[in-house]
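Have a look at the structure below, then the notes.
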Amino acid sequence: MEFTVKQIATLLGGEVTGNDTLAITKLAKIEEGRPGDISFLSNLKYEPHLYTTQASAVIVDRTFQPRKPVSAALIFVENSYTAFTRLLEEYHTRLSFARVGVEQPAYTGDGTQVGDQVYRGAFSYVGRNCRIGRNVKIHPHAYVGDNVRIGDNTIIHTGARILDNSIIGQYCVIHPNAVIGSEGFGFAPQQDGTYKTIPQLGNVILEDFVNVGSNTTIDCATMGSTIIRQGVKLDNLIQIGHNVEIGKNTVIAAQTGVSGSTKIGENCVIAGQVGFAGHLSIANGTKVGAQSGVGKSIAEEGTAINSSPAFGLKESMRSLAVFRRLPDLERRLSDLEKKTDK
Amino acid sequence: MEFTVKQIATLLGGEVTGNDTLAITKLAKIEEGRPGDISFLSNLKYEPHLYTTQASAVIVDRTFQPRKPVSAALIFVENSYTAFTRLLEEYHTRLSFARVGVEQPAYTGDGTQVGDQVYRGAFSYVGRNCRIGRNVKIHPHAYVGDNVRIGDNTIIHTGARILDNSIIGQYCVIHPNAVIGSEGFGFAPQQDGTYKTIPQLGNVILEDFVNVGSNTTIDCATMGSTIIRQGVKLDNLIQIGHNVEIGKNTVIAAQTGVSGSTKIGENCVIAGQVGFAGHLSIANGTKVGAQSGVGKSIAEEGTAINSSPAFGLKESMRSLAVFRRLPDLERRLSDLEKKTDK
Amino acid sequence: MEFTVKQIATLLGGEVTGNDTLAITKLAKIEEGRPGDISFLSNLKYEPHLYTTQASAVIVDRTFQPRKPVSAALIFVENSYTAFTRLLEEYHTRLSFARVGVEQPAYTGDGTQVGDQVYRGAFSYVGRNCRIGRNVKIHPHAYVGDNVRIGDNTIIHTGARILDNSIIGQYCVIHPNAVIGSEGFGFAPQQDGTYKTIPQLGNVILEDFVNVGSNTTIDCATMGSTIIRQGVKLDNLIQIGHNVEIGKNTVIAAQTGVSGSTKIGENCVIAGQVGFAGHLSIANGTKVGAQSGVGKSIAEEGTAINSSPAFGLKESMRSLAVFRRLPDLERRLSDLEKKTDK
């Protein structure tokens, strides 16, 4: 994507000195700026770079006065750091939604309706009777099964798999090779030692603004729905079992697993490599430390837990501290025993 | 899929009152039933719903006598709960095998033979010299390499990767994005600090009735075969190293890892996020708790182990209980020391 | 692939007795050898198999003298074990690079340049403005985004995803369904409890001789680059966060996770299911035990750590040993207390 310095200045409500017709294609740090880049100067520690940078434009505070000649165009704004962040976001959004149209070959099943401004990458597959919203981006090799609904402005990245009957909200991002709605782990032990498959006939519902990381798996419900509520952010390589529900705005870091039918509340913060047993209920605002093993429900909101099996964060920190001194503890105990024996 | 009430009654050996020509397309709970749905009434607590449900048909016990008028068709059977479960299974099986034929484009290499009733999804790839059995379902974007054999009635879901020389049995299900037969982690350290690749030239064998979860990886053997025996069920995001063997009817929950050359017995139950070191031998019927780290072989059948590193389940539960009281233990010890010093 | 006995003898610098025109297609153990196979005899314990094997050729030591008639052709070399290993490597390399040409359909974006001897599998996707080196193998269903550079002799396996702007070195192997350069987990909490996406605009750089395992994920940097240095070997199902750097010749086993901005040194050996917190600095030559949780930086080179949270390996082994005796320890303490009370 390409903008002129003038277009960026207009976007940020800034004023330009220097050449405002230059084309900008990238954002860069001021010390690494090259022709075609835009950068910013906020902390004056970096001011010397302003006079040597090859960047085509630099965003500066309105109050800033250069003490030497500057080759870059300058865009003067209220707060250069905030303006640069806004520019990053704008750039990222435009980049994410830049693609429109269908690359061939792409497969679309009967009865499927697709909104306008949609991107269909080559080798993408959309099954029958789907409803694909406006401005949805379905990247190459992405798979959408039958009877799937996808809300406006949602991005399905390359290799992501959205199985039959899934319902995906608006402004969701499904990262590469994530699997949503595959059949979960339901097997009933038989008397001869074999296992019989328990049919998994439910689906997965993702509400709006949900992010699903690369290679993360979310199983469909046995009956009913596995539900990921609005604003939930899931990192990479996470496992979400059948019939799980994750509350609004909860974030979960990579490689965590949630077993079947567990219900996690809103605004929880779950670190990486955590495991949850099945059929638990976790209160809103629960915080769980990395590698914890959660085997019991949490009833009180805002509880912080840690360790495997998990208990109160503070208590676990104290136990872990003593754990490191255990050999010393044992020695002290032996010494005492000797003394007492005498 | 669509059945008439009469067809379902015949399948279940039941008798119908009401309209047996209605079309049924879905199964639902009685309180959520809508036109086109079939439901069941077993626990009479739910009887009031029978008189208000919009479901087209309800399965009831032969002995049941409605006390009010019912708009749904009723199917009378010996045991309504068992009959509904059977219907679920039948529905699930038919759904799983409903697709037949080839969606274009699909790629098939030279010398490959394919049985009848096979489904080939669009963008599926089957390499050279493969033998694909009868009624096999190869979903869109699935990959089957060269010289692969796949038994009858096996399902390869979207994005699953079956690498060269793999042998897959009958009635297996390979879930989306699983990887079977990729080259494992074999590197020999060299004197200059670099690593040299140890060629991985073996394959993977899956016997009949094996399930492999989404995004699970099973490495091929260095030489010979990595073997997953009949009836094994693997959940999502599991890692199986090269030359591993997993015994009949063993089940492994999500995110567990088994290092190279370890041999796990039959009828084991392995929880989630467990790690096995390499070159171990684990006895039949071993039970391993979640997040355990198994560093030693288990010789005695039916052993239950837990914790990281793992030891006896009961012993580990006792140690973990004391772990939570460690700060208190330390305090008691200090008190004793003071007393004894006096 | 097919070679004659003579071709193999020439490759190994050996001399043949018997039929040197036989075609060899596979390598096998001497006791399992069948027509078309080549095997070797090093340990004389296996000599009896030489006289019964159906293999077409057997590699033996130059000093070896058969005591009975042998139907296989014999290739005499200095060291039969070393020669067989070399043959394995040669076979593996030729197999890995055997494919050349384009299977249709394959998608290539505008402005992309491709070297000679390249393999493009059916349904593989390469975006715009890429530079693909000589002898690169891009397998079926592999995805390469825009502006990607891939060095000579690199293999991108089926279903691997190389996102926009990634730079991949020479002689790398990216295994099936690995994801390189997807957007990482960057979300800024807002006052209303929701999270705002922090744009991830950096890339991933893989230097030469890097291996990335199946279903492993490497996030792009927020700005700048996530860097995997020369000779790094990553196993399956590993998570590498944004802006991480992994030093030369470091090896990491399966299911380990490295959080954002952590820098791991050279020649480290990291076992499986380890977790690293973010923003750490780990010294060269660090060794980390399986399932460890690394929460602090390691300053001293060659340190061995273990446990969660991780501390010195030896110390942790001692603490873990006492952990198993904790119930006994508690009992001894209680006994002492009773004694002292008297």
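Letters go in sequence order (proteins before strands), and every chain restarts at 1. In what follows, every heavy atom counts, from backbone to side chain, and hydrogens, waters and symmetry copies are set aside.
In this structure, OG1 in B:Thr340 is found 6.5 Å from NZ in A:Lys339, a value given to the nearest 0.5 Å.
With contacts defined as side-chain heavy-atom distances shorter than 4.5 Å, the pair A:Phe185/B:Val251 qualifies. At least one side-chain heavy atom of A:Arg332 sits less than 4.5 Å from a side-chain heavy atom of B:Glu330.
Using a 4.5 Å cut-off between heavy atoms, B:Gln255 contacts chain A through its side chain alone, with no backbone atom that close. Residue B:Ile238: no heavy atom, backbone or side chain, is found under 4.5 Å from chain A. Both the backbone and the side chain of B:Phe323 come within less than 4.5 Å of a heavy atom in chain A. Residue B:Asn267 touches chain A through its side chain alone, counting heavy-atom pairs closer than 4.5 Å.
Heavy atoms of other residues, nucleotides or ligands lying less than 6.0 angstrom from CG of A:Asp110 number 12 at most.
For the residue pair B:His157 and A:Glu183, no side-chain donor N or O sits within less than 3.5 Å of a side-chain acceptor on the partner.
Listed here is the closest heavy atom pair of A:Tyr143 and B:His141: CB-ND1, 3.7 Å. Of all heavy-atom pairs between A:Asn215 and B:Asn215, the closest is O-ND2, 3.0 Å. When all heavy atoms of A:Val179 and B:Ser214 are compared, the pair lying nearest together is CG1-OG, 3.7 Å.
Ranked by heavy-atom pairs under 4.5 Å with chain B, the first of A:Asp164, A:Asp219, A:Thr197 is A:Asp219.
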